[in-house]
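One structure below.
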2 protein chains.
Amino acid sequence: MAQRGQSDAAGRSRRAPAENAAEITTPMPAIGGNGLRDRARAIPEAAVARLAVYLRVLSGMREQGVGSVSSEELSVAAGVNSAKLRKDLSYIGSYGTRGVGYEVEVLVDQIERVLGLTREQSVAVVGIGNLGHALANYGGFPGRGFPVTALFDVDPDLMGVPVGGIPVAHIDDIPSVCAAREVTIGVIATPPPAAQAVCDRLVEAGVECILNFAPVVLQVPETVEVRKVDLAVELQILSFHVARRADHAPAEDATPAQRVNGVANPNGVAVRR
Amino acid sequence: MAQRGQSDAAGRSRRAPAENAAEITTPMPAIGGNGLRDRARAIPEAAVARLAVYLRVLSGMREQGVGSVSSEELSVAAGVNSAKLRKDLSYIGSYGTRGVGYEVEVLVDQIERVLGLTREQSVAVVGIGNLGHALANYGGFPGRGFPVTALFDVDPDLMGVPVGGIPVAHIDDIPSVCAAREVTIGVIATPPPAAQAVCDRLVEAGVECILNFAPVVLQVPETVEVRKVDLAVELQILSFHVARRADHAPAEDATPAQRVNGVANPNGVAVRR
DNA sequence: GCGACTTTGTGCCCGCGTTCACAAGCAGCT
DNA sequence: AGCTGCTTGTGAACGCGGGCACAAAGTCGC
Ligand SMILES: NC(=O)c1ccc[n+]([C@@H]2O[C@H](COP(=O)([O-])OP(=O)(O)OC[C@H]3O[C@@H](n4cnc5c(N)ncnc54)[C@H](O)[C@@H]3O)[C@@H](O)[C@H]2O)c1
Ligand SMILES: NC(=O)c1ccc[n+]([C@@H]2O[C@H](COP(=O)([O-])OP(=O)(O)OC[C@H]3O[C@@H](n4cnc5c(N)ncnc54)[C@H](O)[C@@H]3O)[C@@H](O)[C@H]2O)c1
């Protein structure tokens with residue numbers, strides 16, 4: 001989301017337009033000389049997403065024994081502009097050494113701190129179907145600080161069946177299980193019609209962050225953070241580009257594929273024609 | 001709902017440096033009096049993502065026999081601001097009737113046209129593991145104009161095995177199979193180390209749109225459009241919000257969960273605290 | 001110890017996307 | 001026909017994020 005911030009539904013008690021800002025505003029009441037520890041917090045959401053990417057790249061570097069990196073190197077590896085990278089890093093503090101670069105170890109620690117990864121975020125997956133199975137079996141989450149600790153479904157045949165090492169529980173147990181395992185993030189992978197009800201249950205259970213794979217617009221209290229992953233929308237966006245290309249450059253020159261590889265695609269994002 | 005996805009992607013996520021413009025610029029060489037048919041094309045990518053959402057909502061309405069909607073109704077259902085919705089729709093033309101609203105049927109047709117859904121987009125999935133299986137078995141894509149017509153992997157045990165009705169082929173067959181089945185979109189669901197190589201093969205095979213699930217930054221020619229879905233990043237963004245909440249409002253008042261349900265969350269997007 | 005070089009951190013500008021607010025336009029009623 | 005009321009479509013303002021370019025700051029060599 002990139003996706004970026006959004007607006008409020010019309011008709012509603014229109015909340016302050018200020019809220020709309022993608023800015024994660026937290027001016028911090030200018031507490032006296034509390035020192036640098038909790039400096040100004042106002043990290044754009046887009047920057048947070050990139051920080052996660054930097055973290056992944058940095059983790060890889062650390063594993064390969066790389067001790068330090070310059071903003072230039074890191075930006076290339078992460079597929080972004082180096083100035084943007086430096087600005088992103090500046091949001092979390094000044095941990096670089098001018099003339100030298102950044103210490104990988106330090107950067108990893110700091111980004112993890114800002115992203116709240118120092119504390120493990122326990123994840124619950126609801127809807128253990130095709131997608132739920134894939135998520136539960138995926139080994140990449142625990143290693144990144146997101147242990148999947150609870151699975152829920154309504155299918156009687158799934159009850160108690162271990163998936164990825166964790167037995168599936170009934171959604172009626174969401175409150176108790178989520179509380180017991182301190183679930184902080186709920187993932188919804190149920191059919192669309194069940195999504196809102198499941199969401200409500202998770203919210204009632206105290207889960208304040210939800211990742212939704214069902215193609216529906218969820219209604220949640222203001223205190224809850226929702227992100228959605230809509231694969232059909234992703235495909236449609238790609239389709240849009242195919243369409244544009246097609247009717248915009250109808251007569252392409254002969255060679256159907258003259259590659260220009262080597263050209264960096266900034267951040268894995270679409271590059272225009 | 002919105003939320004970038006990735007937005008934008010945030011986000012979407014997720015731009016190119018120079019080509020960073022989210023604008024899908026296409027000034028249209030001002031072709032003579034070609035009429036309204038292909039009017040000015042300059043639909044912001046963010047708007048395209050939302051159009052896909054409107055389309056889903058509208059399709060649902062059509063199935064329920066709804067004949068027409070006002071921008072207000074539709075915007076609530078889609079979780080966006082009504083003014084934004086109208087502007088988004090205005091990018092594709094003027095199909096509303098002032099004082100009345102929009103005809104559902106017309107809107108569906110027009111959005112499908114703009115998104116290039118009048119032509120089916122054949123999809124190929126590479127890497128038939130946990131995620132690949134889920135994607136191949138998912139029944140929601142064909143119905144939306146995205147038939148999955150080819151599956152590839154390197155695992156000998158998978159060769160020829162049908163998944164979701166389609167036999168898995170070897171990645172060496174990517175060129176021939178993609179050409180034969182007119183694949184326009186390639187989905188990468190391989191382990192990260194294999195992603196770039198697979199991507200290169202798809203590109204060589206003429207696939208110009210790629211949806212990447214592997215957490216790596218892909219290098220592609222300018223002609224190729226890449227979108228990435230990084231679930232770990234999504235979780236980390238959610239984690240960031242947990243962290244902010246935690247150390248920003250350390251002393252919450254007693255009640256651990258006083259819900260405020262009923263309050264619409266505009267677009268399923270994060271609502272600040 | 002001093003100068004030259006390198007890289008960070010950021011002030012500033014620019015441009016896109018979001019939002020407001022209203023004129024334009026259409027339907028239906030009188 | 002004319003008037004009323006409603007909803008669309010959009011001009012204009014605003015604000016955020018992106019990128020440039022440079023001053024600050026630290027390192028390294030001599
Ligand atoms: N599989 C994919 O590749 C894919 C792609 C895009 C979107 N999605 C979306 O993800 C969601 C899951 O997809 P899937 O393919 O895994 O579906 P699925 O049908 O394979 O699995 C759904 C699971 O949810 C369970 N379920 C049903 N009602 C429930 C409820 N009220 N509470 C808890 N669990 C319930 C079912 O028992 C089943 O196990 C759907 O909303 C789908 O639209 C999936
Ligand atoms: N499963 C998830 O929920 C999940 C979540 C986040 C990210 N991902 C990412 O998605 C990708 C796939 O995940 P997964 O869980 O399905 O992995 P997986 O290991 O289950 O499946 C990977 C598949 O790719 C195949 N493969 C390996 N090398 C290949 C190559 N060179 N060409 C073609 N196929 C090849 C393997 O044979 C295997 O079938 C990974 O990059 C993973 O990081 C998965």
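Sequence lines set the chain letters: A, B, ... in the order given, protein chains first and strands last, and positions in each chain run from 1.
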Whole-Å gap separating C1' (dG9(D)) and CD (Q110(B)): 16 Å

S94(B), nearest nucleotide to its side chain (from dA21(C), dG9(D), dG9(C)): dG9(D)

N/O (side chain, S71(A)) to phosphate O (OP1/OP2, dT8(C)) under 4.0 Å: yes

Presence of R50(A) side-chain N/O under 4.0 Å of dG17(D) phosphate oxygens OP1/OP2: no

Nearest-angstrom distance from the residue atom OH of Y91(B) to P of dG9(D): 14 Å

Backbone N/O of S70(B) and side chain of E73(B): donor-acceptor pair under 3.5 Å: yes

Nearest-0.5 Å distance that lies between atom CG in L51(B) and atom CG in L58(B): 10.0 Å

K87(A) side-chain N/O to dT10(C) phosphate OP1/OP2 under 4.0 Å: no

Protein-nucleotide distance (E103(A), atom CD; dT8(C), atom P), rounded to Å: 14 Å

Under 3.5 Å donor-acceptor pair, R98(A) side-chain atoms to dT7(C) base atoms: no

Approximate separation, where rounding is to 0.5 Å, of R227(B) CZ and N212(B) CG: 12.0 Å

Spacing between D88(B) atom CG and dT18(C) atom P, to the nearest angstrom: 7 Å

Spacing between L74(A) atom CG and dT7(C) atom C1', to the nearest angstrom: 13 Å

Protein-nucleotide distance (R86(A), atom CZ; dA24(D), atom C1'), rounded to Å: 13 Å

Phosphate-side-chain proximity, Y102(B) and dG9(D), N/O vs OP1/OP2 below 4.0 Å: yes

Toward the 5' end of DNA chain C, by each residue's nearest nucleotide, S70(A) or G99(B): S70(A)

Any N81(B) side-chain N or O less than 4.0 Å from OP1/OP2 of dG17(C): no

Atom pair distance, as rounded to whole Å: NZ in K84(A) and P in dT8(C): 17 Å

Minimal non-hydrogen separation, E72(A) against S75(A), with atom names: O-OG, 2.7 Å

Integer-rounded Å distance: dG9(C) C1' and I43(A) CD1: 16 Å

Residue pair H241(B) / E208(A), side-chain heavy-atom distance below 4.5 Å: no

